*Asks:* 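Provided herewith is a single structure, encoded as structure tokens, for subsequent inquiry.
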Amino acid sequence: MAKPTVIEAKWQKKWKAAKVFKSKDSGRNKYYVLEMFPYPSGYGLHMGHARNYSIGDSIARFKRLQGFNVMYPIGWDSFGLPAENAAIEKGIHPEKNIARNIKVMKEQMNKLGLSYDWDREITTHNPEYYKWDQWLFLQLYKNNLAYRTKVNGNWCPSCNTTIANEDVKNGRCWRCNSQIVQKEIEQWLVRTTNYADELLSGLEKTNWSNQLKSLQTNWIGKSKGVEIHFKLEDGEYLKVFTTRPDTLPGCTFVILAPENPQAMELVKGTKYEKQLQEYIRETEKLSELDRISKEKTGIFLGKYVINPINNQKIPVYAANFVLVGYGTGAIMSVPAHDKRDEEFAKLHKLPIKQIEIKESDFEKITNELIKNGLGKRVINYKIRDWNISRQRYWGSPIPIIYCAKCGVVPVPEKDLPVKLPLNVNFKTKVISPLATNKKFLNVKCPKCGGKAKRETDTMTTFIDSAWYFLRYCDPKNRKQIFDKKKAAYWMPVDQYIGGIEHAVGHLLYSRFITKFLKKKGYVKIDEPFTKLLNQGMINLGGTKMSKSKGNVIDPTEITKKYGADTLRTYLLFVAQPDTDMEWSEKDLTGIIKFIAKVKTLDKLKENKKYKSYIDSVAQRKIELVTLHLENLHHNKALIELFDFSNKLERYPSKYAICIFLHLLYPFAPHICEEVWNKLNGKMLAKGKWPVKNQKLINEKVEKEVEAVDKVVSDIRHIEKIMNKSAKKAYLYVIPPELNNYNVVIKDIEKELAMEIKVFALNDKAKYDPENKSGKAKPNRPAIYLE
RNA sequence: GCGGGAGUGGCGGAGCGGUCAAACGUGCUUGGCUAAGGACCAAGUGGCUUAGUGCCUUCGAAGGUUCGAAUCCUUCCUCCCGCACCA
């Protein structure tokens, strides 16, 4: 008997030769299914990849059989820190390391039987690809959506670069978990904030989960409120943002962020100036994390403002818990109503004024402030512009040149790509590595021809992944980022699959870029991913399977031992794709047995008598498996297929076996092909997804057969309890079911070799009143044996 | 604090108003039989029982709606995840 690896390799070869996974850029019923492309930074695929791709491949195969023109591409997110770090660790150039990893991963993918269209493969560190990163950057720049400015960047001391706000989790770097420090530095930013409202409202058009939508909604952080102007003694105003203008009567002091420039202005030339300078120095020493955990400190600034609602004179403070970057960097404090304000008031012995708030106060006070010119309605967002500059080597160079005469000069589009030089000292930690290559660094100004220097920062890898799904539509285009027609045909991605960890990073950037490209007329859609599945994690021994924890199981090993079909089916059966799963050898056993059974299906002989029964069951399975697959409930589809397989074994029919193989094909394609091919020499990959045939549904026969099964099993049970074999059985059935039993009685008699008599339950004549078993359930008769 | 999600046998997990709680898979028990890719087949696996299919209990807890609730509503408890001095 051929080993699974042999059979699987055979079919992988045949599929390749038959070109069954190629997609055309035209035709009716397109379907675009995509998994988040991998970083080839590590060596080989891990189990999470295998799960992710098993989901995607099953959908691709399912949709192909349904007659869709399916695009199922794959590529490599090959730029970025992990690749660079891995290369440094191994002491080889990232390019070499990446090439080796890609080779390994590709082979593993093929062995899993993933039905990618390899003609569309993309690799982001290829100049043919990153040229268009740079082009995209220039378009953003031209449209004033990319700008350079001095920022207080999130500096990761271990990664040796700034990172985006989206990459900071709990004050730590999402990749290496180091504490982030603030560093003042000139950076290139992208104005994601310009699209805040669209990014928010666009969510409604998607089919995403509530969880994911809420993650992005929180991140964008829209809040409606009022900017209130508090009059200073010198006639100037202090502006604060609040979402609760209705609490204004309870406001007893105002606080500025210490770094707010207005604070310094207020104390200039007074005895408080030194104190503030001292205080700023102190707070700056603390990391963001410490600043949150430490108690609320603050100082009086020696000034007072007027509360516009009651003309009370109230003091102005600077305090560490007020953020300079949000709202106006200043707040009105209502200690009676806000926990933080209360804490601060108690610490600094400030008055707490109790107030009563009516529902109508919000509008009343807001309108009054506006009328008196002391306020305006304002909408604030938490989202910040996207910092795309990285002081690292392995990324797409930012196509900008700095000229002493002309200033910031964008590289002309005709000069793209700005190639990433291979010869640099990428291990330097002092300057951006690109600055170590003088040939790259020193350049003529495209405008005046004078001496100039290139930008030496590279772009974040999230730029590459913010539009790669568009490049798949036209991966080899050398003249444009992609052909508009092709993109119009394929986009949006119908089903996207990937981890939830990209909720506020990659998924947000992709939406932003898509919206920008729509405005510029390159795409017709404004949401790139219609449906999105966030696959769950794989745990082993209760914790996440991960290299760093040393509890990994290698998918390739499992594939070698039991076959790709077994692994794929297992991964899809154990849990619903969007929930976490626990790796268990025991459950794997069940799948091994199941696949072994499937392999022998061609040897089953048709049982003519039960053909109408099993063919009817097949119709129900078609309906259920299709439904579950559409809903991405792969586990439920497999449950139905297991049940189908059990029934098929008892009552085989060629037709039902055919249906079964088609339905199982998206999960275990190789074994299904093998059996199908033995039965009729055809290729399942070219087959058609079965459609329910109502005519073959025979409810009566189904009920009869199931009734026989139950009666036979019940009688056997009773015999066992009695420890004897009976000769006669009396069945008491409730009247509506009577007919079913009468029809099948001969079968039961034959099976059990005993005489069976059936009565309606109300047939008192034969009913033994001493007998306790007088009650029959609707689908199960009361039984009396002799 | 805000937001999202989940609580069902030894375990993973179905069921999401009635026909049916525990499908399907594991695990375990018993009896056959001898291996298709970590064998296969049959029966059992909440409790009680005078072991003739009868009775009782149970879907995190308590209430409620209903003729009828694991399923709908309310409150509470527990757990997981995300965001967070965002004013």
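The model shown is predicted, which means the values in this text are computed figures rather than measured ones. Below, all heavy atoms of this structure are taken into account, side chains as well, without hydrogens, waters or symmetry copies. Quick note on labels: first sequence line is chain A, next is B, and so on, each numbered from 1.
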*Asks:* Using whole Å, what does the distance between atom P of nucleotide G1(B) and atom CZ of Phe321(A) come to?
*Replies:* 19 Å

*Asks:* With a 4.0 Å limit, can you tell me whether Lys593(A) has a side-chain N or O closer than that to the phosphate oxygens OP1/OP2 of U26(B)?
*Replies:* yes

*Asks:* Run the numbers on Asn154(A) and Asp167(A) for side-chain hydrogen bond (donor to acceptor under 3.5 Å, both in side chains), then give the verdict.
*Replies:* CA-CA 9 Å; Asn154(A) 307 303; Asp167(A) 301 335; over 6 Å; no

*Asks:* Between which residue ranges does RNA chain B form stems of three or more consecutive Watson-Crick or G-U wobble pairs, both distances under 3.5 Å?
*Replies:* B:1-7 with B:77-83, B:10-12 with B:24-26, B:27-32 with B:40-45, B:46-48 with B:54-56, B:60-64 with B:72-76

*Asks:* Which nucleotide in the set A87(B), C85(B), G3(B) lies at the smallest distance from any side-chain heavy atom of Lys296(A)?
*Replies:* C85(B)

*Asks:* Tabulate atom names and distances for all N/O pairs under 3.5 angstrom spanning the protein and nucleotides 6-15 of chain B.
*Replies:*
from, atom 1, to, atom 2, distance (Å)
A14(B), OP1, Asn635(A), ND2, 3.3
G15(B), OP1, Lys636(A), NZ, 3.2
G15(B), OP2, Lys636(A), NZ, 3.4

*Asks:* Compare the minimum distances between each of C41(B), G82(B), G37(B) and the side chain of Ile592(A), then state the nucleotide with the smallest one.
*Replies:* G37(B)

*Asks:* Show the numbers, then the answer: is there a side-chain contact (heavy atoms from CB on, under 4.5 Å) between Ile331(A) and Val254(A)?
*Replies:* CA-CA 6 Å; Ile331(A) 63 162; Val254(A) 164; over 6 Å; no

*Asks:* Fit a plane to each ring of Phe660(A) and Phe644(A), take the angle between them on a 0 to 90° scale, and name the class: parallel (under 30°), tilted (30 to 60°) or perpendicular (over 60°).
*Replies:* perpendicular

*Asks:* Identify which nucleotide among G4(B), U26(B), A87(B) has an atom closest to any side-chain atom of Ser214(A), counting heavy atoms from C-beta outward.
*Replies:* G4(B)

*Asks:* Within the structure, does a side-chain N or O atom of Asn210(A) lie under 4.0 Å from either OP1 or OP2 of G5(B)?
*Replies:* yes

*Asks:* For Phe594(A) and Phe642(A), I'd like to know if the aromatic rings sit close, meaning centre-to-centre distance below 6.0 Å.
*Replies:* yes

*Asks:* What do you reckon, is NZ of Lys560(A) surrounded by more than 12 foreign heavy atoms closer than 6.0 Å?
*Replies:* no

*Asks:* Under 4.0 Å: is that the gap between some side-chain N or O of Thr217(A) and OP1 or OP2 of G3(B)?
*Replies:* no

*Asks:* Tell me whether G9(B) sits syn or anti, counting syn as a glycosidic angle within 90° of 0.
*Replies:* syn

*Asks:* More than 12 foreign heavy atoms under 6.0 Å from NZ of Lys353(A): is that the case here?
*Replies:* yes

*Asks:* Counting only heavy atoms not in Lys169(A), do more than 12 fall under 6.0 Å of its NZ?
*Replies:* yes

*Asks:* Measure from the side-chain heavy atoms of Gln211(A) and tell me the nearest of C24(B), A87(B), C81(B).
*Replies:* C81(B)

*Asks:* Given G1(B), G37(B), G25(B), which nucleotide is nearest the side-chain atoms of Lys339(A)?
*Replies:* G1(B)

